[in-house]
Novice: 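The structure's right below; bear with me while I get my questions together.
Labels below follow one simple rule: chain letters A, B, ... track the order of the sequence lines, proteins then strands, and each chain is numbered from 1. FYI, side chains are in, hydrogens and waters are out, and symmetry mates aren't considered; it's all heavy atoms of this structure.
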Amino acid sequence: MSLRAVRGVKDILPGEVELWEVVEAEARRLFKTFGYAEIKIPVFEHTSLFARSLGETTDIVQKEMYTFEDRGGDSITLRPEATASLVRAYIEHNLFHPPRLLKVFTIGPMFRYERPQAGRFRQFYQVNAEAFGSDNPAVDAEILVFVDKLLRALHLDDLEVRLNSLGDEACRPRYTEALTAFLQRRRDALCEDCDQRIDLNPMRVFDCKTPGCQELKEAAPTIGEYLCEACVDHFEQVKAHLARVDIPVHLDPQLVRGLDYYTRTTFEVVSARLGAQDAVCGGGRYDGLVEALGGPPTPAIGFAIGIERLVSLLDRSRLPLDEGTPQLFIATVGEGVDEVAFEIMHALRSASIRVEREYESRSLKAQMKVADRSKAQYTLILGGDELARGAALLRNMAASSQEEIALDSLVEEIKARLALP
RNA sequence: GUGGGCGUAGCUCAAGGGUAGAGCACCAGGUUGUGGUCCUGGGGGUUGUGGGUUCGAAUCCCAUCGCUCACCCCA
């Protein structure tokens, strides 16, 4: 096979794309009810945006970005995530003016140069949402309510929401210091990767899966013990809001994030049915990012849902998929009825009836087979005999019954049988 | 970037040195113009690619590409 898609990307074909349609439709519907407005942003940005927002030392920036020089000599990067772009747009268009809570979402592809595996692709799609301008814990809770509602609408009730607080600039440094000291004392027990993480981003040791590090983690200090009063209070309120509306969450004191900009509330939704890449959704608060990128001090919180991973969990039998099944199939018999068929198909479609047809002149038997496979409710058989007296045969496929219908009332008759207005 | 597994028909897979097969799918027929079940027949593969060993390679060896899973990272 000489023509192939690029490694790590894939086509979403008819048959699967209907699941995507349901996910996107549900998300859009819920965003409206939660007051989020859609925003469309470019898929590439100046490279510096990502370096500044994600953190120079993150893996994404150091080895996973699709970065290239454009014809004008600028360094461009295909977005590895959406938050940076959304913050950029927020600042660029002065969306902080007038001061208010601004809630936006976007849906689209992200790009990361990683080794592909189950649930990990080089181009993958995310649903992204951000709420700018409030540090009220109710906003945090609301986001988790949204995620919960979306998952339930998609009949996903076996996912676990993990929640933690990462503290802020007041308390996190103290914790990082303590953790670093703890890890340095046990340096020889750590794996090679974690040894390096001590200096780069010590909290990521909690992500390590090596048995030795796992044991060490148990004894390590957790961020919760070091949170300042304001962060404790904030976190408590988030939890209280969630409890009030019965949103179940699993507190995970060791939950950390790979991106530098997160503060305070952090969460992740994971599935036991996925492989190593088990996070369907991840997000959290990033109260310092807008200012760090040159905007006014603006608290904000957001999240991203991985659509491929979400779709892979869906049970199609529980979802209203639109397979595009025709309501009516047109079969023709004999010479010279093609034009009539074309005209009738046009009239039916003008009445918003889904019509399909076999275009090749094949035997009626073959056409009926195609009609059957199409799962059309009715088949309209246009034959010379009936056409000669201004009529056609309408066959109810499930009932295996058929009747003759006059051509001049065809559209009305068919609409009546399909129970259309 | 590192390691494991796998590449045979559209799909799922057999054949493990001696003519490349099955199921499903597809096409046609089973008397004039009727689908699903059934019966009969048919089309379809330079066995990922390139080398090597051999009288003979899908099968053994080497390389290469691809897919896949895991590490890593994260959605």
Side-chain angles (χ1 to χ4, degrees), chain A residues 1-8 10 15 54 58-65 79-83 107-129 147 191-194 196-197 201 204 207-210 255-259 262 267-271 274-284 302-313 329 331-335 337 358 360 362-387 392-402:
Chain A
M1 195 78 52
S2 52
L3 283 181
R4 292 189 146 277
V6 171
R7 180 167 166 78
K10 65 171 187 174
L54 299 177
T58 58
D59 278 29
I60 292 182
V61 170
Q62 289 202 328
K63 47 190 193 195
E64 294 175 4
M65 297 205 300
R79 61 180 185 192
E81 56 110 51
T83 299
I107 299 177
M110 309 296 154
F111 308 85
R112 291 183 199 174
Y113 189 83
E114 294 183 276
R115 194 80 173 260
Q117 72 179 74
R120 192 167 75 187
F121 311 96
R122 289 184 172 179
Q123 173 176 318
F124 59 98
Y125 287 76
Q126 286 187 344
V127 173
N128 255 268
V147 171
C191 70
E192 217 174 292
D193 288 328
C194 286
Q196 292 182 5
R197 284 196 260 246
N201 193 344
R204 292 262 291 288
D207 282 334
C208 190
K209 288 163 192 158
T210 17
L255 174 68
V256 297
R257 313 253 70 219
L259 280 31
Y262 285 111
F267 66 94
E268 203 168 270
V269 180
V270 298
S271 166
L274 293 173
Q277 313 301 320
D278 63 352
V280 168
C281 171
F303 69 89
I305 294 172
I307 302 185
E308 285 86 351
R309 292 181 189 177
L310 192 64
V311 163
S312 72
L313 293 171
F329 192 95
T332 60
V333 186
E335 301 293 312
V337 298
E358 170 60 47
E360 310 309 320
R362 302 167 66 185
S363 69
L364 180 59
K365 184 188 174 106
Q367 293 181 67
M368 291 304 292
K369 250 181 123 153
V370 177
D372 185 56
R373 267 201 299 265
S374 79
K375 300 197 181 107
Q377 294 174 64
Y378 288 89
T379 298
L380 184 69
I381 302 169
L382 300 175
D385 299 351
E386 292 81 7
L387 285 178
L393 289 171
L394 184 66
R395 181 174 181 84
N396 180 322
M397 297 301 277
S400 294
S401 61
Q402 59 192 43

Novice: Taking atom C1' of B/C74 as reference, at what distance in whole Å does atom OH of A/Y113 sit?
Specialist: 17 Å
Novice: Who does B/G33 pair with, Watson-Crick or G-U, both distances under 3.5 Å?
Specialist: none
Novice: For B/G35, does the base pair up with any side-chain atom of A/R373 as donor and acceptor (N or O, under 3.5 Å, distance only)?
Specialist: no
Novice: Could you tell me how far apart A/R120 (CZ) and B/A75 (C1') are, to the nearest whole angstrom?
Specialist: 11 Å
Novice: Determine whether a donor-acceptor pair (one donor, one acceptor, N or O, separation below 3.5 Å) exists between the side chain of A/S363 and the base of B/G33.
Specialist: no
Novice: At under 4.0 Å between heavy atoms, what does A/I307 touch on the DNA or RNA strands: base, sugar-phosphate, or nothing?
Specialist: nothing
Novice: Taking any heavy-atom pair under 4.0 Å as a contact, classify A/D385: base, sugar-phosphate, or nothing.
Specialist: base
Novice: Out of B/G33, B/G35, B/C72, which has the shortest distance to the side chain of A/Q277?
Specialist: B/C72
Novice: Of the nucleotides B/G35, B/A75, B/G33, which one has an atom closest to the side chain of A/L393?
Specialist: B/G33
Novice: Please determine whether a side-chain nitrogen or oxygen atom of A/R7 lies at a distance below 4.0 Å from atom OP1 or OP2 of B/C67.
Specialist: yes
Novice: Regarding A/Q402, tell me which of base, sugar-phosphate or nothing describes its non-hydrogen contacts under 4.0 Å with the strands shown.
Specialist: base
Novice: Given B/C67, B/C74, B/U34, identify the nucleotide with an atom nearest to the side chain of A/D278.
Specialist: B/C74
Novice: What is the base-pairing partner of B/A75, counting Watson-Crick and G-U wobble geometry with both distances under 3.5 Å?
Specialist: none
Novice: Let me know the distance between CD of A/E358 and P of B/U34, rounded to the nearest Å.
Specialist: 16 Å
Novice: Rounding to the closest angstrom, what is the interatomic distance between B/U53 and B/U59 at atom P?
Specialist: 15 Å
Novice: Classify the nucleic acid contact of A/R204 as base, sugar-phosphate or nothing, counting any heavy atom under 4.0 Å across all strands shown.
Specialist: sugar-phosphate
Novice: Expressed as a whole number of angstroms, how long is the span from A/I60:CD1 to B/A75:P?
Specialist: 6 Å
Novice: By nearest atom, which of the nucleotides B/A75, B/C72, B/A70 is closest to the A/Q126 side chain?
Specialist: B/A75
Novice: Send over the distance from A/R362 CZ to B/U34 P, rounded to a whole Å.
Specialist: 15 Å
Novice: Using whole Å, report how far CD of A/E114 lies from C1' of B/U2.
Specialist: 15 Å
Novice: With sugar-phosphate meaning primed atoms plus P, OP1 and OP2, does A/F329 contact a base, only sugar-phosphate, or nothing at under 4.0 Å between heavy atoms?
Specialist: nothing
Novice: May I ask you to verify whether the side chain of A/R309 and the base of B/C74 hold a donor-acceptor pair under 3.5 Å?
Specialist: yes
Novice: Can you tell which of B/G33, B/G35, B/A75 lies closest to the side chain of A/F121?
Specialist: B/A75
Novice: Please give the distance between the P atoms of B/G51 and B/U47 as a whole number of Å.
Specialist: 13 Å
Novice: Applying a 4.0 Å non-hydrogen cut-off, can you work out what A/A118 is touching in the nucleic acid: base, sugar-phosphate, or nothing?
Specialist: sugar-phosphate
Novice: Any donor-acceptor pair under 3.5 Å linking the side chain of A/R7 with the backbone of A/R115?
Specialist: no
Novice: Figure out the CG/C1' separation between A/L274 and B/C69, and round it to whole Å.
Specialist: 14 Å
Novice: Quick one: is B/A70 close enough that its OP1 or OP2 comes under 4.0 Å of any side-chain N or O from A/R115?
Specialist: no
Novice: Would the base of B/G36 count as contacting A/S400 through its side chain, where contact means a donor and an acceptor less than 3.5 Å apart?
Specialist: yes
Novice: Which is true for A/L310 with a 4.0 Å heavy-atom rule: it touches a base, it touches only sugar-phosphate, or it touches nothing?
Specialist: nothing
Novice: Any side-chain N or O of A/K365 less than 4.0 Å from the OP1 or OP2 oxygen of B/G35?
Specialist: yes
Novice: Mind checking if A/T58 touches a base, just sugar-phosphate, or nothing, with heavy atoms under 4.0 Å?
Specialist: nothing
Novice: Can you check whether A/M110's main-chain N or O pairs, donor with acceptor, with A/Q123's side chain at less than 3.5 Å?
Specialist: no
Novice: Is there a Watson-Crick or G-U wobble partner for B/C27 with both distances under 3.5 Å, and if so, which one is it?
Specialist: B/G41
Novice: Identify the nucleotide, in any strand shown, that forms a Watson-Crick or G-U wobble pair with B/G3, with both distances under 3.5 Å; if there is none, say none.
Specialist: B/C69
Novice: Does B/G16 count as syn, meaning its glycosidic angle lies within 90° of 0, or as anti?
Specialist: syn
Novice: Tell me what A/E386 touches on the nucleic acid: a base, only sugar-phosphate, or nothing, going by heavy atoms under 4.0 Å.
Specialist: base
Novice: Take atom CG of A/L364 and atom P of B/G33, then tell me their distance rounded to the nearest Å.
Specialist: 8 Å
Novice: Which nucleotide, B/C69, B/U34, B/C67, lies nearest any side-chain atom of A/Q117?
Specialist: B/C69
Novice: Do A/I307 and A/Q126 have side-chain heavy atoms sitting under 4.5 Å apart?
Specialist: no
Novice: Under 3.5 Å, side chain of A/R309 to main-chain N/O of A/G119, donor-acceptor pair present?
Specialist: yes
Novice: Tell which nucleotide pairs with B/G18, taking only Watson-Crick or G-U wobble pairs whose two distances are both under 3.5 angstrom.
Specialist: B/C55
